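In the text below, chain A, chain B and the rest are named by the order of the sequence lines, each starting its count at 1. None of these values were measured; they are calculated from a predicted model.
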Number of protein chains: 2
Amino acid sequence: MVREVVCAYLDREGYATIEAEDGETALDLVTSTSPDLIVLDVMLPKLDGYSLLERLRRDTDVPVILLTARAEEVDRVLGLELGADDYVVKPFSPRELVARIRSVLRRAQPTEQIATTLEYDQIVIDGASRQVVVRGQAVDMPPMEFDLLHQLAASPKRVFSRAELLEKVWGSSSDWQDPSTVTVHVRRLRQKIEADPDDPQLLVTVWGRGYRFEP
Amino acid sequence: MVREVVCAYLDREGYATIEAEDGETALDLVTSTSPDLIVLDVMLPKLDGYSLLERLRRDTDVPVILLTARAEEVDRVLGLELGADDYVVKPFSPRELVARIRSVLRRAQPTEQIATTLEYDQIVIDGASRQVVVRGQAVDMPPMEFDLLHQLAASPKRVFSRAELLEKVWGSSSDWQDPSTVTVHVRRLRQKIEADPDDPQLLVTVWGRGYRFEP
DNA sequence: TTCTCTGGTGAACGAGCCGTGAACGTCGAT
DNA sequence: ATCGACGTTCACGGCTCGTTCACCAGAGAA
């Protein structure tokens, strides 16, 4: 009942929703549809919310918002410890839930930013046209190289390990991938965007840790 | 008297408690039992709360919650500057104390890790870019040196023994490691961050004890 | 003072990381 | 079918960094 109300409201707000009436169904649906966010009632037939959350956290990072009737701190702490992203106490107003959802999505978003245009002194990276302009010169870039550059440049100065880049750029299927793939792509990027590829200023190696984009 | 009530309440909440009736006893008990959290009344025989807190902070990171009768801002600021994690004014309800305890424990729980940026007058240590800026000058740092510096600077004024640094920075496999490794890394750090490496101001040797970062 | 122990210094070695060049496979276009 | 662009893999070599060691300097104790 709560479920229908919530779904209706979220639909009206422009979110696409999928419902599951018990924990097991939910688990199946999550793996088959990989939603952007899960609103999870702890009182759930067949597989309760906490157990489901625990199972989910073993192999996904989907943001989860818990719904619980009990206002006690214990439940809140338990939920957050299991890896919930936020927590709403029943009874709640749909408005509040939507606010929480927005906030959680905003926090979780940063991975999905790949349409943004990034502008720095030496380089402009246009996410929409997927074009790069280096010191006034347009440069063509293959898909992988572009995505890699975009990922690095979207968080300037931040160090990314090869493993992290594999995960973020190459996607989920990158468990067995060879980290040296990243190395090679970085090299090719350098040859395209560095003034002197032998002395990189933009794509800096952080020894033992990974790479960093230096604007 | 307050002590018995608090302990009784905490016991009932499922926490294991140890009592000390004066500051000196407390200090002994802390080193011998290494508790997860300390609730500390500032009015204490033999060694008052503030002094005890100061002593504690020289060689531990135990979370500390201060109990004080005075509501004045001065006391609050003093306590927090000395490194208290939270602060409760008498009279207080046991429920409130428990809430604070939970909150502090939750914060302390997930080994607040190495993406934090530390800023001091002379030096800025950026965990994300793994860059150090010393008196306006950017300095790149090898992995181990950076981790060591970050560890020391994350708890300024606190003394770390070589063994402890080996454990915290070098990790689990550091049982047989040579403590002189730490010495050498400290030396190299000094050459990079000290104005005069022969007269260290930031990375101070505490003879017979270890090292301390002095902001 | 003298002795002992801790910490500082310089140098050297070896492991492992990264850059490099080249080759191979795949896929889509011609 | 052929070709070219792109992604991936791999071996090799250079070089950075971590570690160790012998030796020296300085603090503390007797």
Query raised in the report: Which pairs with one or both residues in residues 31-44 of chain B pass salt bridge (charged side-chain N to carboxylate O under 4.0 Å, His left out), sequence neighbours excluded?
Result: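 Counting only pairs at least two positions apart or across chains, the salt bridge (charged side-chain N to carboxylate O under 4.0 Å, His left out) contacts touching residues 31-44 of chain B are B:Asp41-B:Lys90.
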Requested in this report: Would you mind building the protein contact string for nucleotides 2-13 of chain D? One character per nucleotide, 5' to 3', B for base within reach (heavy atoms under 4.0 Å), S for sugar-phosphate only, - for untouched.
Outcome: ----SBBBS---
Query raised in the report: Reckon A:Asp198 touches a base, only the sugar-phosphate, or nothing at all at heavy-atom distances under 4.0 Å?
Result: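 A:Asp198: backbone/sugar contact only, no base atoms under 4.0 Å.
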Query raised in the report: Which two nucleotides bound the region of DNA chain C that has atoms under 4.0 Å from heavy atoms of chain A, read 5' to 3'?
Result: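 Reading along DNA chain C, I get C:dC17 to C:dA23.
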Requested in this report: Using the salt bridge (charged side-chain N to carboxylate O under 4.0 Å, His left out) rule, take A:Arg188 and A:Glu145 through it: C-alpha gap first, then chi angles, then the decisive distance, then the call.
Outcome: CA-CA 8 Å; A:Arg188 292 179 180 159; A:Glu145 280 173 37; 5.1 Å; no
Query raised in the report: Just wondering, do B:Phe146 and B:Gln131 contact through their side chains at under 4.5 Å, heavy atoms?
Result: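 In short, these two side chains do not touch, never coming nearer than 4.5 Å.
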Query - Heavy-atom check, side chain of B:Leu56 versus side chain of B:Ile38, under 4.5 Å - result: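 The answer is yes, as the side chains (C-beta and beyond) meet within the 4.5 Å cut-off.
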Query - Side chains of B:Asp126 and B:Ser129, donor plus acceptor under 3.5 Å - result: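 Result is yes, a qualifying pair exists.
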Query raised in the report: How about A:Thr205 and A:Arg190: does a side-chain donor come under 3.5 Å of a side-chain acceptor?
Result: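 Indeed, the side chains of A:Thr205 and A:Arg190 share at least one donor-acceptor pair under 3.5 Å.
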Report task. Round to the nearest Å and state the distance from B:Leu148 atom CG to D:dG18 atom P. Result ->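 These atoms are roughly 10 Å apart.
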Query - Separation of B:Arg158 CZ from B:Tyr211 OH (nearest 0.5 Å) - result: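 Output value for this atom pair is 15.5 Å.
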Query raised in the report: Relative to the ring of B:Tyr120, is the ring of B:Phe213 parallel (under 30°), tilted (30 to 60°) or perpendicular (over 60°)?
Result: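 Correct class here is tilted.
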